[in-house]
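Below you'll find the structure, written out as structure tokens, and then a few comments.
Hydrogens, waters and symmetry mates are skipped; everything else that's a heavy atom, side chains included, is used. Here is the naming used below: chain letters follow the sequence lines, and residue numbers restart at 1 for every chain.
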2 protein chains.
Amino acid sequence: MDDIDTQLIVLLQQDATQSYATLGAAVGLSAAAAHERVRKLRARGVVRSTRVEVDPAAVGRGVLAYVMVDASAWMGSAGTAEALAELPEIEEAHIVAGSASVLVKVRTGTTEALQEVLGRLFGIEGVTGTQTIVVLETLFERPLSPASPEPPAP
Amino acid sequence: MDDIDTQLIVLLQQDATQSYATLGAAVGLSAAAAHERVRKLRARGVVRSTRVEVDPAAVGRGVLAYVMVDASAWMGSAGTAEALAELPEIEEAHIVAGSASVLVKVRTGTTEALQEVLGRLFGIEGVTGTQTIVVLETLFERPLSPASPEPPAP
DNA sequence: GGTGAAACTATGCGTAA
DNA sequence: TTACGCATAGTTTCACC
């Protein structure tokens, strides 16, 4: 994980459709060398996957909300993740500190559908309450910049 | 946006490195036809970008927190997004309903660095307080499944 | 939407630093 | 170990049906 690896990661986070020749030129390496480095980053699990990013509104998921799910008991058990994963509207689920709670990120097509998701959350064993934060406008969503060597470029 | 478009989106959300021949075979189309559909999905903005997904811990951002940023005034103005975007630890920023607040998703390397980000948030004009939710464990983060035609497959 | 051909890319290998 | 350059196999991307 030297400087060049970091640069490659940043470039691939912006656009993973670039050719290795382009990538190599950008970091001062041959296409083959750039390719070899990216291959190793994948093998080591630093680069997890390559995916397309979709406009949520265009696929019927224009409503975004975060929901704090309060539970009567510890939800760290294996079953919790599965129960939450069964709701396709849930994009992320995190166990959080400070209370017996899980924070979930939910995307639905309408506020009515959001309400229905809340109802189904109550159906999960141990859930005692929810607190919903509805997003009015997303200012930005972006890839995380690696912390390793470089502060924002000069 | 018919059924085949939706299938292509789901496949590309799982793995955007597949060839169009593979993609076409999966949806019952020739490689060229699959390519043409994906090209149009990109042109229409349904598919926004292709990016790699990186392991946060591997790039020095193993600590995740959500921060509610309370403000004395309306933060919907143009300057707010820019001020927040200047903090590289902020991955998402959303304006939320219910109070004069912005919800931000923050990733840092250590809890000390998180504390420092909170300090810098207070430096932004109009910010009167923060409430931080520290994530202990991420259960899952996944691409949103399109709502359009298909419920989970039979 | 399919076909086939041309141009471009990925990727393994031999070699060198 | 890491990078280079070349050769080949595979992919993208046309024009045309």
Side-chain N,O (His35(B)) to OP1/OP2 (dT13(D)) below 4.0 Å: yes
Does the side chain of Arg37(A) get closer than 4.0 angstrom to OP1 or OP2 of dA3(D) through an N or O atom? yes
From the set dG2(C), dT3(C), dA10(C), return the single nucleotide nearest to any side-chain atom of Ser19(A). dA10(C)
Quick one: OG1 on Thr80(B) to CD1 on Ile124(B), what's the gap to the nearest 0.5 Å? 8.0 Å
What is the distance, to the nearest angstrom, from the CD1 atom on Ile4(A) to the P atom on dT1(D)? 18 Å
Picking from dA3(D), dT12(D), dG5(D), which would you name as closest to the side chain of Ala32(A)? dG5(D)
Tell me the interatomic distance from Glu36(B), atom CD, to dC16(D), atom C1', rounded to whole angstroms. 14 Å
So does Glu91(A) pair up with Arg142(B), basic N to acidic O under 4.0 Å? no
Counting only side-chain N and O atoms of Lys40(A), is one of them less than 4.0 Å from OP1 or OP2 of dT1(D)? no
Taking the minimum atom-to-atom distance to the side chain of Tyr20(A), which one of dA10(C), dG2(C), dT12(D) wins? dA10(C)
Measure from CZ on Arg44(A) to C1' on dT2(D) and round the result to the nearest Å. 14 Å
Taken to the nearest whole Å, CD/Gln18(A) to P/dA10(C) is 11 Å
Can you give me the closest heavy-atom contact between Val63(B) and Thr111(B), atom names plus distance? CG2-N, 4.1 Å
5′-ward residue of the pair Thr22(A)/Arg39(A) relative to DNA chain C: Thr22(A)
Distance (rounded to the nearest 0.5 Å) between Leu11(B) CG and Thr22(B) OG1: 10.0 Å
In whole Å, I'd like the distance from the CG atom of Leu23(B) to the P atom of dT11(D). 12 Å
